[in-house]
Amino acid sequence: MAKKLSQSVATNKIIPWFQREIFLLIIVIVLSAGTHFAFFNYPNQIVFDELHFANFITNHLAGTYYFDIHPPLAKIILAESAKLVGLTPDFNFEYEKIGKEYSHPEFYEFTRFVVTFFGFLLPLCLYFLARELFRDKWISFLTAFLAIFENALLVHTRYILTDVFLLDFGILGLAFLLMHLRRHSQQKFRFPSLFLAGIFLGGALSVKWTGLVFPGLAGLILLYVLAQSKDFLVFVTRSAILGSMIFVVYFASFAWHLHSLDKSGPGDAFMSQGFQATLQGNANADNAELVRPNLYQKFIELNKQMYKSNKGITSEHAYGSKWYSWPFMQRTVYYWNQKADDQDATSNKEHRIYLLGNPVIWWTGALIIFFFTISWFVHPLLPNKENHGFALAVILIGFWSNLLPYIPISRVSFLYHYFPSLLFLMIGIAYFFRKYFSEQNKVYVTIGFLGLVVISYLYFSPLTYGIALSPAQFDARMWLGSWR
């Protein structure tokens, strides 16, 4: 009897310790590092749009002018990080095709490490945002757990691609804005968190224009607070600070970009003769009759040309997909492939990397988001709406405000454009499992669901990490014919 009592006392001491937030964060850190850095830097070949982005980074370090339809911040971060540690690419390397082996693996390994590190941080950023939304460590932990085992996010955050910077910065910007609003509600108008919100939101926009979803959501949040408080002066002050910081970061990224690329390069032809005249080695550089643009004029011209080029994209892509298909993951993207053994004619195994999400997360989350969307307008179906109405509004607006703007866009788009919506979807899943079950069933149902998430992650992980599969093994994972 005494032995059982002592064991019970020990258990009662251990379980609360395991429930401490610091322990939950340690779990998130360890698991995120494990899933993101597993099979790191495989393959030593060009994967998908590394064909473009690795090339841009090489041009940045060479100082040769290149043209990209996206803002420059992510390329600056990657190029300057490599420069900081003394690494340079092979400037003579030709970016000809996906699957070509890199000639200077140390440089590309480090560049991939920077991207992967930001991917490793993404679950922690989501933890922070969910914590600010719900003030609930378990919703935050569940959200981060889902992000850790989401296969498509893992694929896209392990190679020289730029969306992970947009996602991290956007989520952090919203989290700092919510932190500022919470502290202000406690009669403490704190500027630092508001400035940080503006910096990170500006960072998201400075990676890709699709990052506008995060400043846009921040603006809607401020309007919601204005409607509640009726304090127009505070609204104007916040809006001015946020807007100013977003513009400063956006303009500064282009200023750095234009200052760094001072030599003639492959992007010259996109720009005016006056712009080209500012580039060393360009045929127009010695033309005294040309009026050379200043920094502000070059900034305006480059943004106009980016808009024109984005709008002018009319070509289709075999792995393109429409916005309404993304929640159901109807079309994946093929990133890379290679035979397992070119020397063995009898071997039929093949390495493949697909942008294929975790179906348990995507399909369950789609049902939950659609349920929330419908039930938002039907009060009896939505428990705790009084307590979490604002947080649920942020989730739903965040999800739909990324998706719906693609309705009028005719240019080709891909599954990874769904990622901002996917982040809010995962927060929605975590809230659903935390709040929609009785205390008696909550633990078992949640653990069962997370178990399915991990099993699904493991099952599809060969297509995440490029592990060789036989044709039969590959076919077994192509649940939809449109995935191929």
Side-chain angles (χ1 to χ4, degrees), residues 35-36 38-39 42-43 47-48 98 119 142 145-159 161 163 316-340 348-371 399 403 406 412-426 428-430 432-433 445-484:
T35 58
H36 282 88
F39 306 98
Y42 178 81
V47 175
F48 191 53
I98 294 172
L142 293 176
F145 189 94
L146 296 175
I148 289 167
F149 293 102
E150 208 303 287
N151 298 69
L153 286 174
L154 285 170
V155 169
H156 210 66
T157 59
R158 287 165 46 84
Y159 301 103
L161 307 169
D163 292 83
E316 296 296 322
H317 193 284
Y319 289 94
S321 55
K322 295 295 185 181
W323 67 273
Y324 50 79
S325 71
W326 297 338
F328 310 104
M329 199 166 56
Q330 288 184 325
R331 187 64 170 149
T332 60
V333 186
Y334 202 1
Y335 275 20
W336 173 85
N337 74 289
Q338 184 184 49
K339 282 199 67 175
N348 61 1
K349 285 194 171 185
E350 190 170 354
H351 301 273
R352 296 180 179 89
I353 295 175
Y354 269 83
L355 186 73
L356 177 62
N358 187 321
V360 174
I361 295 174
W362 285 56
W363 294 341
T364 303
L367 292 175
I368 289 173
I369 285 293
F370 295 148
F371 166 73
F399 179 87
L403 213 54
Y406 284 94
V412 65
S413 52
F414 299 91
L415 190 63
Y416 54 77
H417 289 120
Y418 180 64
F419 283 165
S421 294
L422 181 64
L423 302 185
F424 292 102
L425 175 145
M426 291 188 293
I429 293 174
F432 181 85
F433 277 90
V445 173
T446 304
I447 291 175
F449 176 74
L450 296 184
L452 288 176
V453 167
V454 174
I455 291 170
S456 180
Y457 153 78
L458 292 172
Y459 184 69
F460 289 100
S461 62
L463 300 175
T464 302
Y465 300 112
I467 300 169
L469 294 173
S470 68
Q473 291 171 326
F474 172 71
D475 290 342
R477 287 163 174 80
M478 293 291 101
W479 288 2
L480 301 179
S482 57
W483 285 2
R484 294 178 181 274

Side chain Trp363, main chain Phe328, donor-acceptor under 3.5 Å: yes
Phe48 and Tyr159 aromatic centres sub-6.0 Å: no
Stepwise side-chain contact (heavy atoms from CB on, under 4.5 Å) test for Thr446 and Phe145: CA-CA 12 Å; Thr446 304; Phe145 189 94; over 6 Å; no
Tyr334 backbone acceptor or donor facing Arg352 side chain under 3.5 Å: no
Contact check, side chains of Ile429 and Ile369, non-hydrogen atoms, under 4.5 Å: no
Over 12 foreign heavy atoms within 6.0 Å of CZ, Phe370: yes
Closest non-hydrogen atom pair between Trp362 and Gly357, with its separation: NE1-CA, 3.5 Å
Student check: side-chain heavy atoms of Leu422 and Leu425 closer than 4.5 Å: yes
Residue that, paired with Glu150, satisfies side-chain contact (heavy atoms from CB on, under 4.5 Å) out of Leu423, Thr35, Ile361: Ile361
Short side-chain to backbone donor-acceptor contact, Arg158 and Ala38, under 3.5 Å: yes
Atom pair OH/CH2 of Tyr42 and Trp336 - distance to nearest 0.5 Å: 3.5 Å
By salt bridge (charged side-chain N to carboxylate O under 4.0 Å, His left out) - contacts of Arg484 (at least two apart): Asp475
Heavy-atom closest pair, residues Leu452 and Val360: O-CG2, 3.8 Å
Side chains of Tyr418 and Phe399 in contact at under 4.5 Å (non-hydrogen atoms): yes
Between CZ on residue Arg331 and OG on residue Ser321, distance to nearest 0.5 Å: 8.5 Å
Point-to-point distance, once rounded to the nearest 0.5 Å, from NE2 of His317 to CZ of Phe414: 4.5 Å
Asn358 side chain to Asn151 backbone, donor-acceptor under 3.5 Å: no
Side chain His351, main chain Gln338, donor-acceptor under 3.5 Å: no
Arg477 to Tyr459, cation-pi by 6.0 Å centre distance and 45° axis angle: yes
Main-chain N/O of Ile353 paired with Thr464 side-chain donor or acceptor, under 3.5 Å: no
Plane angle bin for Trp479 and Trp483 - parallel if under 30°, tilted between 30 and 60°, otherwise perpendicular: parallel
Check against side-chain contact (heavy atoms from CB on, under 4.5 Å), Phe474 and Leu463: CA-CA 9 Å; Phe474 172 71; Leu463 300 175; 4.0 Å; yes
Smallest separation among heavy atoms of Leu403 and Pro327, with atom names: CD2-CG, 4.0 Å
Side chain proximity check, Tyr406 to Lys322, heavy atoms < 4.5 angstrom: no
